Amino acid sequence: MPNNHQFFESLHADYYPMVYQMCKGFVKGDGDLASDLAQEALINTWRSLSKFRGASSYKTWIYRITVNTCLKYLRDNKAKNQTTIDEDIPIPDTETSKDETHQELYQAIGKLGEVDRLIIMMVLDELEYEEIASVIGISESNLRVKIHRIKKKLKTILSNE
């Protein structure tokens, strides 16, 4: 590796979009907050770079750091964010744009539990099930069951809006 700075710049360029999408799912589609969290996750990655042991791929490692950063944010801000979800849900019209559809999906994902949100965001990022199972710490078969249940929950949430 040439030096940590150059290597980190390479990691940042390769993984920022993935980190941002993951954060966006955790914060129900809030782009500004997702950007802040993504930055925090990458700062945490930079700080931990010397501790990387190579037990997983950089992608899986960065996912774990991102998830931990998002979960910490959610825990720290749980009491502050006691507003109802219904206030944030846009009322769809007959000509829903792509952005509005994405926003509705993020709102629905936001109603899921923390682990379910994490799993579905990795599925949407098209991660291999083996990698998702590794990040979550469960077997692939258990993951498949969870994904099936999460999809059912999302269909229910979206159909009730």
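Every heavy atom of this structure was used, including side-chain atoms; hydrogens, water molecules and symmetry mates were not. These numbers come from a predicted model, not from an experiment.
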What are the two closest non-hydrogen atoms of [X] and [Y], and how far apart are they?
X	Y	result
Tyr20	Ala38	CA-CB, 4.0 Å
Leu158	Glu104	CD2-O, 3.9 Å
Glu131	Ser57	OE2-OG, 3.6 Å
Ala34	Cys23	O-CB, 3.6 Å
Met121	Gln21	CE-O, 2.9 Å
Gly25	Ile109	O-CG2, 4.0 Å

What is the distance from atom [atom1] of [X] to atom [atom2] of [Y], rounded to the nearest 0.5 Å?
X	Y	atom1	atom2	result
Leu74	Leu37	CG	CG	8.0 Å
Glu130	Ser139	CD	OG	12.0 Å
Leu11	Trp61	CG	CH2	7.5 Å
Ile138	Ile119	CD1	CD1	5.0 Å
Leu154	Ile157	CG	CD1	5.5 Å
Tyr129	Arg144	OH	CZ	6.0 Å

Legend entry - More than 12 heavy atoms from other groups under 6.0 Å of NZ on Lys24: yes

Legend entry - Single hit among Asn68, Leu127, Ile132 for side chain to side chain contact (heavy atoms under 4.5 Å, CB included) with Tyr63: Leu127

Inset, instruction - Applying side chain to side chain contact (heavy atoms under 4.5 Å, CB included), run through Tyr15 and Thr66 and close with a yes or a no. - result: CA-CA 11 Å; Tyr15 296 111; Thr66 303; over 6 Å; no

Legend entry - Stepwise side chain to side chain contact (heavy atoms under 4.5 Å, CB included) check, Met122 with Ile136: CA-CA 10 Å; Met122 287 190 279; Ile136 302 296; 3.6 Å; yes

Legend entry - Residues Leu124, Leu105; criterion side chain to side chain contact (heavy atoms under 4.5 Å, CB included); working and verdict: CA-CA 11 Å; Leu124 292 173; Leu105 179 59; 4.3 Å; yes

Could you tabulate the donor-acceptor pairs under 3.5 Å formed by side-chain atoms of residues 42-50, not counting sequence neighbours?
unit_1 : atom_1 : unit_2 : atom_2 : d
Asn44  : ND2    : Glu40  : O      : 3.4
Asn44  : ND2    : Thr69  : OG1    : 2.9
Thr45  : OG1    : Ala41  : O      : 2.9
Ser48  : OG     : Asn44  : O      : 3.0

Legend entry - Results of side chain to side chain contact (heavy atoms under 4.5 Å, CB included) for Ala133 - residues two or more places apart only: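 Per chain and number, Ala133 pairs via side chain to side chain contact (heavy atoms under 4.5 Å, CB included) with Glu140, Leu143.
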
Legend entry - Main-chain N/O of Val27 paired to Arg117 side chain as donor or acceptor, under 3.5 Å: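 No; zero donor-acceptor contacts below 3.5 Å.
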
Inset, instruction - Verify the cluster assignment for Ile150 and Val145: are they in a single hydrophobic cluster under the rule of side-chain heavy atoms below 4.5 Å apart? - result: no

Legend entry - CA sep, side-chain torsions, deciding dist, call: Phe26, Tyr73, side chain to side chain contact (heavy atoms under 4.5 Å, CB included): CA-CA 10 Å; Phe26 267 90; Tyr73 169 80; over 6 Å; no

Inset, instruction - State, with a plain yes or no, whether a side-chain heavy atom of Val19 is found less than 4.5 Å away from one of Gln39. - result: no

Inset, instruction - Give a yes or no on whether the ring-centroid distance for Tyr58 and Phe7 is below 6.0 angstrom. - result: yes

Inset, instruction - Determine which pairs satisfy salt bridge (charged side-chain N to carboxylate O under 4.0 Å, His left out) with at least one residue from residues 150-159, sequence neighbours left out, and list them in order. - result: Asp116-Lys153

